[in-house]
Amino acid sequence: MKKKIRITLNGNVVSPEVPAHRLLLDLLRDEIGLTGTKEGCGTGDCGACTVLLDGKPVNSCLVLSGELDGADIVTIEGLQIGRELHPIQQAFIQDGGAQCGYCTPGMLMMSKALLDENPNPTEEEIRFALAGNLCRCTGYAKIVKAVQDAAMELRTRHTARQ
Amino acid sequence: MLRRFRLEEPETVKDASALLARYGEASRIYAGGTELLLAMKEGLIQYERLINVKKIPGLDRVELENGVVRIGALTTHRSLENDPLLRQQLPAFGQMERNIANVRVREMGTLGGNLCFAEPHADPGTLLMVLGAKLMAEKTSSKREIAAEQFFVDAYETCLEPDELLTEIRIPSTPRRAGVAYLKFGYLERPSVGLGLFLAWNGADTITEARVAVGCAGPKPRRVEESEGLLKGKTSKEASALLGRAGEIAGRAADAISDLHGAADYKQHIVGVLLKRAFQQILQDRSSKA
């Protein structure tokens, strides 16, 4: 039995029909064609599939799309601001915070969730927030540095607007 | 890959209970889904119907009433981690919540779901036992209160009846002259060993009540009365000297099994280490407050 849901996906309203057992990750990748969100472990541990659901980071591999009617979802494809990369994306590029890139969308979305909640995190807070996002090639030093730089850039922009 | 199922969305506890009664073992309560969907994806369990209880209002509150913290079963780990009332009344519980899994699992996963799934490598049950928590179960026609110690029957098995739902967790506030610690150790995503300790003492530094619980190492969390008996009635200093013995007893009582999370004798040893550390932590907290 399929159910029509209405969701806001990266700022656009979409109304897919989904069976109850369709996971959000599969809806995004296989039906809507947004393949930026990755499947890593499929068990909620690695963070590669992180998306924002009503502003909160979740494992899209463990969320049923059938119960998302009315939800606001942001994926890696919705992170950029207009035609410009988001400061978090820019910082990851600048600091070399990616190697193979598979964990990167999840790292970016988790960093976005952290900085939305805490615009000025300590290094320890960044490491704690990203502890559930696994990278198996580049290591974490440059990722942490990228989040610190992105936080600084976002704070600078925020101050400039005031 | 998830196999097909239907999603029921009752709006009251009674309706959810009636659905459980009607569909029996072909159905299962679904809340955060962080453990259930995982097991279903692995093909370990299958259901024709999932009963989504997240639309039932009022089951995600944290309130203080007559010295008892009442936590709705649908409260997520993340909101418990950040709850100011909990931080003030039961800091050890908030700290335990903060260290469950990762942020994303804590955003979706609920305390009630965690308890009902009864995955052996879970933290809350062990701590709730030493906190003297009561779990409220409800079905169409009745409600009852279950002591945390009675709730877990075996790995993945609780004492809930087939049509009962866990609705609330009630935790008495910790008395002024008392301390609580929950410590865990593990090197995989889930803990290998968890240990909870509650100590209350009188003005003469005599331990008037001691509660020890161990979890994760074996099929279910459990209280260890024999270790508690060794510590009760002793001064802090006398009890310190008995911790090695109390830890050995608790290690054996943990009913540890050898698995990916460690060998049985290793887990037993860790129980003893954690008991000593938990005791020291409570004493340190006490002296820093004095």
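Scope of the values below: all heavy atoms of this structure, side chains included, with no hydrogens, waters or symmetry mates. Note that this is a predicted model, so its numbers are computed, not measured. Below, chains carry the letters A, B, ... as their sequence lines are ordered, and counting in each starts from 1.
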Exercise for the section: Write down the atom of B:V103, the atom of A:P57, and the distance for their closest heavy-atom approach. Expected result: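 It is CG1-CG, 3.9 Å.
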
Exercise for the section: Heavy atoms only: give me the nearest A:D45-B:R104 pair and the separation to one decimal. Expected result: O-NH2, 3.8 Å

Tell me if the [atom1] atom of [X] is crowded by more than 12 foreign heavy atoms within 6.0 Å.
| X | atom1 | answer |
| --- | --- | --- |
| B:Q46 | CD | yes |
| B:E63 | CD | yes |
| B:R277 | CZ | no |
| A:K3 | NZ | yes |
| A:I81 | CD1 | yes |
| A:K56 | NZ | no |
| A:R155 | CZ | yes |

Problem - Pairs of heavy atoms under 4.5 Å with chain A: top-ranked of B:M108, B:R98, B:K55, B:R106 - result: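 The candidate making the most pairs under 4.5 Å is B:R98.
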
Handout entry: Chi angles and distances behind the side-chain contact (heavy atoms from CB on, under 4.5 Å) call for A:E67, B:K54
Key = CA-CA 10 Å; A:E67 55 167 335; B:K54 290 200 290 284; 3.1 Å; yes

Problem - Student check: side-chain heavy atoms of B:V105 and A:V58 closer than 4.5 Å - result: no

Handout entry: pair A:F128-B:N102: side-chain heavy atoms closer than 4.5 Å
Key =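 Side-chain contact under 4.5 Å: no.
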
Can you tell me if [X] uses its side chain to pair, donor with acceptor, with the backbone of [Y] under 3.5 Å?
| X | Y | value |
| --- | --- | --- |
| B:R4 | A:A20 | no |
| B:K41 | A:T43 | no |
| A:N59 | B:T34 | no |

Exercise for the section: Check whether B:E9 gets within reach of chain A through its side chain, its backbone, both or neither, counting any heavy atom under 4.5 Å. Expected result: side chain

Exercise for the section: Check each atom of B:N99 against the heavy atoms of chain A and say whether the ones under 4.5 Å are side chain, backbone, both or neither. Expected result: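 When you check distances to chain A, only side chain atoms of B:N99 fall under 4.5 Å.
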
Handout entry: Full working for side-chain contact (heavy atoms from CB on, under 4.5 Å) between A:L64 and B:L2
Key = CA-CA 10 Å; A:L64 295 180; B:L2 276 176; 3.9 Å; yes

Problem - Contact class of A:C49 relative to chain B, heavy atoms under 4.5 angstrom - result: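 When you check distances to chain B, no heavy atom of A:C49 falls under 4.5 Å.
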
